[in-house]
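Written below as structure tokens is the structure these notes are about.
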Amino acid sequence: MDRSVELSAELEPSLSLLEQAEAEARAVKQQAARTAEERRLGAEREAEEIVARARARARDVRAQSADRVRRAAEAEAEELLASAEREVVEVRRRAKARMPGLVDRVSAVVWEELVDSSAATPRAPGASSAGSP
């Protein structure tokens, strides 16, 4: 027999095992690629769900924040209104307390003007001060 045929015969079991190992390696590599793709798709779906939940939560947080701001503004407006009402009551109280004095002063000024104008106007003999003839 030829030496190359002998070597071929000797190597054939080893080469067959090597081919089997290569086939198994390809199968493992293909399975790993499928598994990796499945995991990537699963992670992508999970990330999309997380983002969707975060967006929904963000809307809720914004709504809650807006509600807190609105309630605070309403409370501030109510306090300002109550304060303004208290000021109105105080101004009216002071005006009422000062009114008699102001009326007296105005009456005195008017009376003085009447007296002065009456004294400055000459009367005809026999005329009354009430202006009747």
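Below, all heavy atoms of this structure are taken into account, side chains as well, without hydrogens, waters or symmetry copies.
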### Student check: side-chain heavy atoms of L41 and E38 closer than 4.5 Å
no

## Note on the structure
Taken in chain and number order and not counting sequence neighbours, the residues that satisfy side-chain contact (heavy atoms from CB on, under 4.5 Å) with D67 are R70, R71

### Task
May I ask you to check whether over 12 heavy atoms, not counting those of E10, lie within 6.0 Å of atom CD?
yes

### Residues E85, R92: salt bridge by 4.0 Å N-O rule
no

### Message
Under a plain distance cut-off of 3.5 Å, with no hydrogens placed, do T35 and Q31 share a side-chain donor-acceptor pair?
### Response
yes

### Message
Please tell me whether V106 and L114 are part of a single hydrophobic cluster in this structure, the criterion being side-chain heavy atoms less than 4.5 Å apart.
### Response
yes

### Message
I want to check something: taking the side chain as every heavy atom from C-beta on, are S83 and E87 in contact at a cut-off of under 4.5 Å?
### Response
yes

### Query
Do NZ/NE/NH1/NH2 and the carboxylate oxygens of E48 and R45 come within less than 4.0 Å?
no

### Task
Under the side chain to side chain donor-acceptor pair (under 3.5 Å) rule, what do S65 and R62 come out as? Steps first, then yes or no, please.
CA-CA 5 Å; S65 295; R62 279 192 299 272; over 6 Å; no

### Message
For P100 versus A97, what's the shortest heavy-atom pair and its separation?
### Response
CD-O, 3.6 Å

### Message
Rounded to the nearest 0.5 Å, what separates atom CD1 in I50 from atom CD in E46?
### Response
4.5 Å

### Task
Determine whether more than 12 heavy atoms belonging to other residues, nucleotides or ligands lie under 6.0 Å from atom CD of E22.
yes

### Message
Can you tell me if R39 has over 12 outside heavy atoms packed within less than 6.0 Å of its CZ?
### Response
no

### Query
So how far is it from L17 CG to L11 CG, rounded to the nearest 0.5 Å?
11.5 Å

### Task
Could you give me the CA-CA distance, side-chain angles and deciding distance for R86 and E79, then say whether salt bridge (Lys or Arg N to Asp or Glu O under 4.0 Å) is met?
CA-CA 10 Å; R86 288 189 298 271; E79 177 55 37; 3.1 Å; yes

#### Entry: Interatomic spacing from CG in D2 to OG in S8 - rounded to 0.5 Å
9.0 Å

### Query
Is it true that E37 and R40 make a salt bridge, defined as a side-chain N closer than 4.0 Å to a carboxylate O?
yes

### Summary
Residues at least two apart in sequence or cross-chain that pass side-chain contact (heavy atoms from CB on, under 4.5 Å) with E112, listed by chain then number, are D116

